[in-house]
Amino acid sequence: MAEEKDPQGAPFSHPKPYGSGVTRRQFLAVAAAGAAAAAAAALSPLRDFGGFPPLREMLQKHFTELTPGQKKEVLERIASQLQEKYGAAPQLTALPPMDGVQYAYALNIGRCVGCRKCVYACMKENNQSRDPQIQYISVLQMEKGNIDVEKSSIDYEGQVPKEGHYYMPVQCHHCETSPCTKVCPVKATWREPDGIVVVDYNWCIGCRYCEAACPYHARRFNFKEPYLPEKDFNPKIDYLSNRPRPKGTMEKCTFCLQRTRAGKYPACLEVCPTGSRKFGNMLDPDSEISSIIRDKRVYIFKEELGTVPRFYYYTDV
Amino acid sequence: MSEQDWKKTDAFRNTEIPTLLLIAVGAACVAAAWFFYTNRHTSEQGPRAFVMKPEYYDISPVRTVGKKLGTMGMACGDCHSDPTDQDPRTAPEIHNKVVLKHGSNNRCFNCHNNGKRDFFAANGGGQIPFSKVETLCAKCHGPTYRDWQRGTHGRRNGYWDKTAGEQKNLVCIACHDPHSPAFKPMKAAPAPLKHNTPGETH
């Protein structure tokens, strides 16, 4: 049998297979290289993996099951982690609910001018991620004479209030029959005895069922590692509210639990230039919130859903 | 194909192609490792972080409230001692700049005490000190004054729990200009970022 010769006349060239000019071995070489690259790409989310959390953190119990001693240990561990990350020594607390206190919030929908100061005071107080940007309050610009939120907008700029519009800030309503806590498969979010709906960021698995269940779009998810500059870090923090959140956890308004359980007003109320925001103890008959519920025209957003919010909109009569 | 051909081909296969294969796989592994380790910390850098300007969360009220009734550091009584029968707005200097947009309340001495200029005018000509300005407004705005006392109108700052700390009730003129009391328009803080990209909004 005569020896085959290719056009260049090379004596030992590999016989060409049918059709293409690729041999089995060349194909395998490229396939192996491709497989290695594909494996690298598939594993690329692990680039963000910063190592395993300490064993004690992995084995930490649910927040409501911690004994006082374990709670102290957990707070110390988190405080030292945060000090390492942000430089400043945080004042990390786990304030308990007060006896005889049921919190409620009211917002004068006729006085709000839509300046968004509440949004940024909230960000400042609650250590939300600046990149990606997380905000708990959405200020809806509504058409006058209309309560259809589908016709609202949140992207207005410049001088406010705009002609023919009113403003309706929406945040967590702290519902008495909260749909978000019902759907949580691991009970990482629950309603506290004083009416505040909280999230244990160490227990949250990031399934986002609660976000889908919330009819007010009040919950925010940390899709990326939250970025908070050291200079913006608020060191007065509480376990259940404004301590910095890890990636992959859900967060939301907590009525500034770290402030309100110490007797203070929430940050969004403090900053409101119009005095539209009112907060207090519903059980105290002399509080402004009791007066509003008793004497004012109160509007409950999506009342028909039966969520029984602790957040009321009112107007002066 | 002869047996010799196969041997030649095998020799070829056993030397050059595996070398190429090894180089290719090795290069892929190096590339993968580089990909891993150079990009490890990009998500923590946050180079395009949103800048929080202090005016976005400034808690000071829209107006500053002085300690006394007067202008440019002087009390009204420093210049005025006797009652006048003129409209002060016709007088030169300061008073002609006052623009009164207070509805049908368009007379200076409805609120200012003509006899004692450092005081406001109570009903029947009485005196209301500057520190009790809300009782002046209450002369006409009864329901609003009631709401202010209950805390449902106006700003309250500090502590909701009065046993824990001081509760500050801001007075009417901390938000309303008494000569033009409608709440003034203000510039809104920026809209939320669209897809979290600065400069873009939803």
Side-chain angles (χ1 to χ4, degrees), chain A residues 1 3 12 14-15 25-26 28-30 32-33 36-37 39-40 43-44 47-48 113-117 119-121 123-124 130-133 135 138 154-161 224-225 227 229 232 260 262-265 270-275 278-281 287-288 291-292 296 316, chain B residues 1-2 5 8-9 12-13 17 20-21 24-25 27-29 31-32 35-36 39-40 42-46 48-50 52 56-59 61-62 143-144 147 150-161 163-165 170 175 183 185-194 196 201-202:
Chain A
M1 189 175 168
E3 189 175 313
F12 300 121
H14 189 77
R25 299 227 165 177
Q26 282 168 342
L28 282 178
V30 172
L43 293 171
S44 66
R47 283 175 301 169
D48 292 339
V113 296
C115 70
R116 292 206 191 93
K117 276 192 168 189
V119 176
Y120 291 96
M123 278 175 80
K124 179 81 181 152
R130 307 296 194 256
D131 174 28
Q133 188 182 61
Q135 296 178 340
S138 305
I154 60 166
D155 60 351
Y156 63 89
E157 298 267 15
Q159 291 285 107
V160 285
K224 283 171 109 180
E225 185 68 34
Y227 172 70
D232 284 0
T260 49
K264 291 181 189 167
Y265 282 121
E270 286 277 333
V271 81
C272 181
T274 62
K278 297 292 163 197
F279 177 84
N281 179 10
S287 69
E288 54 261 46
S291 172
I292 288 164
K296 293 287 185 186
D316 291 315
Chain B
M1 197 182 278
S2 69
D5 284 343
K8 280 172 189 167
T9 321
F12 183 73
R13 283 175 183 171
I17 293 286
L20 285 173
L21 187 95
V25 172
C29 290
F35 188 59
F36 258 85
N39 293 321
R40 272 185 88 186
T42 42
S43 65
E44 290 162 22
Q45 284 163 7
R48 53 175 186 81
F50 178 81
M52 293 269 285
Y56 300 163
Y57 50 84
D58 178 20
I59 69 160
V62 289
T144 311
D147 286 351
R150 290 177 180 177
T152 62
H153 178 104
R155 279 183 74 168
R156 276 188 178 179
N157 285 150
Y159 288 78
W160 65 265
D161 182 2
T163 59
L170 272 66
C175 302
F183 196 83
M186 55 198 298
K187 192 173 182 297
L193 300 179
K194 184 188 183 185
N196 289 307
T201 52
H202 275 280

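Order of the sequence lines fixes the chain letters, A, B, ..., with proteins taken first and strands second; residue numbering starts at 1 for each chain.
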Q: Among A/T274, A/L28, A/D316, which residue has the highest count of heavy-atom pairs closer than 4.5 Å to chain B?
A: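 Highest number of pairs under 4.5 Å: A/T274.
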Q: So which of B/G154, B/A164, B/G165 has the biggest tally of heavy-atom pairs under 4.5 Å with chain A?
A: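 Maximum pair count with chain A is reached by B/G154.
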Q: Got a second to check how far B/T152's OG1 is from A/E288's CD, nearest 0.5 Å?
A: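 Taking OG1 in B/T152 and CD in A/E288, the distance rounds to 8.5 Å.
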Q: Is it possible for you to check whether B/R155 lies under 6.0 Å from the centre of the six-membered ring of A/Y265, through NZ or CZ, and within 45° of that ring's axis?
A: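 Negative - B/R155 is either too far from the ring of A/Y265 or too far off its axis.
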Q: Does any N or O in the side chain of A/Y156 come within less than 3.5 Å of the main-chain N or O of A/G114, such that one atom is a donor and the other an acceptor?
A: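 Yes, the answer is positive, given that a donor and an acceptor are paired below the 3.5 Å cut-off.
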Q: Ignoring hydrogens and angles, tell me if any N or O in the side chain of A/Y120 forms a donor-acceptor pair with the backbone of B/P190 under 3.5 Å.
A: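 Judged by distance alone, yes, a pair lies under 3.5 Å.
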Q: Given heavy-atom pairs under 4.5 angstrom as the criterion, report whether the side chain, backbone, both or neither of B/Y56 touches chain A.
A: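 For B/Y56, heavy atoms of backbone and side chain both lie under 4.5 Å from chain A.
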Q: Using non-hydrogen atoms and a 4.5 Å limit, figure out which bit of B/P61 sits close to chain A: side chain, backbone, both or neither.
A: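 Neither part.
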Q: Which bit of B/D58 is near chain A, if near means a heavy-atom gap under 4.5 Å: side chain, backbone, both or neither?
A: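 For B/D58, heavy atoms of backbone and side chain both lie under 4.5 Å from chain A.
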Q: Between the main-chain N or O of A/F279 and the side-chain N or O of B/W160, is there a donor-acceptor pair closer than 3.5 Å?
A: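 No, B/W160 side chain to A/F279 backbone: no donor-acceptor pair under 3.5 Å.
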Q: Do you know which of A/A36, A/P161, A/S287, A/C272 has the most heavy-atom pairs under 4.5 Å to chain B?
A: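 Sorted descending by pairs with chain B, the first entry is A/C272.
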Q: When you measure from the side chain of A/K224 to the backbone N and O of A/D131, does any donor-acceptor pair fall under 3.5 Å?
A: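 Absent.
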Q: So for A/Q135, is it side chain, backbone, both, or neither that comes closer than 4.5 Å to the heavy atoms of chain B?
A: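 Side chain only.
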Q: Less than 4.5 Å to any heavy atom of chain B: does that hold for the side chain of A/S138, its backbone, both, or neither?
A: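 A/S138 has no heavy atom closer than 4.5 Å to chain B.
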Q: Examine whether an atom of A/V113 lies under 4.5 Å from a heavy atom of chain B, and if so say whether it belongs to the side chain, the backbone or both; otherwise answer neither.
A: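 Just its side chain gets close to chain B.
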Q: Could you state the interatomic distance from CZ (A/R116) to NZ (B/K187), rounded to the nearest 0.5 Å?
A: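 Rounded to the nearest 0.5 Å, the CZ-NZ separation comes to 10.0 Å.
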Q: Side-chain contact, heavy-atom cut-off 4.5 Å: A/Q133 with A/M123?
A: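 SC-SC contact between A/Q133 and A/M123 confirmed.
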Q: Side chain from CB out, backbone as N, CA, C, O: work out which of these in A/K278 comes under 4.5 Å of a heavy atom of chain B, or both, or neither.
A: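 For A/K278, the contact with chain B is made by the side chain alone.
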Q: Between A/G158, A/A262, A/A37, A/A121, which residue shows the highest count of heavy-atom pairs closer than 4.5 Å to chain B?
A: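 When all of A/G158, A/A262, A/A37, A/A121 are compared, A/G158 has the most.
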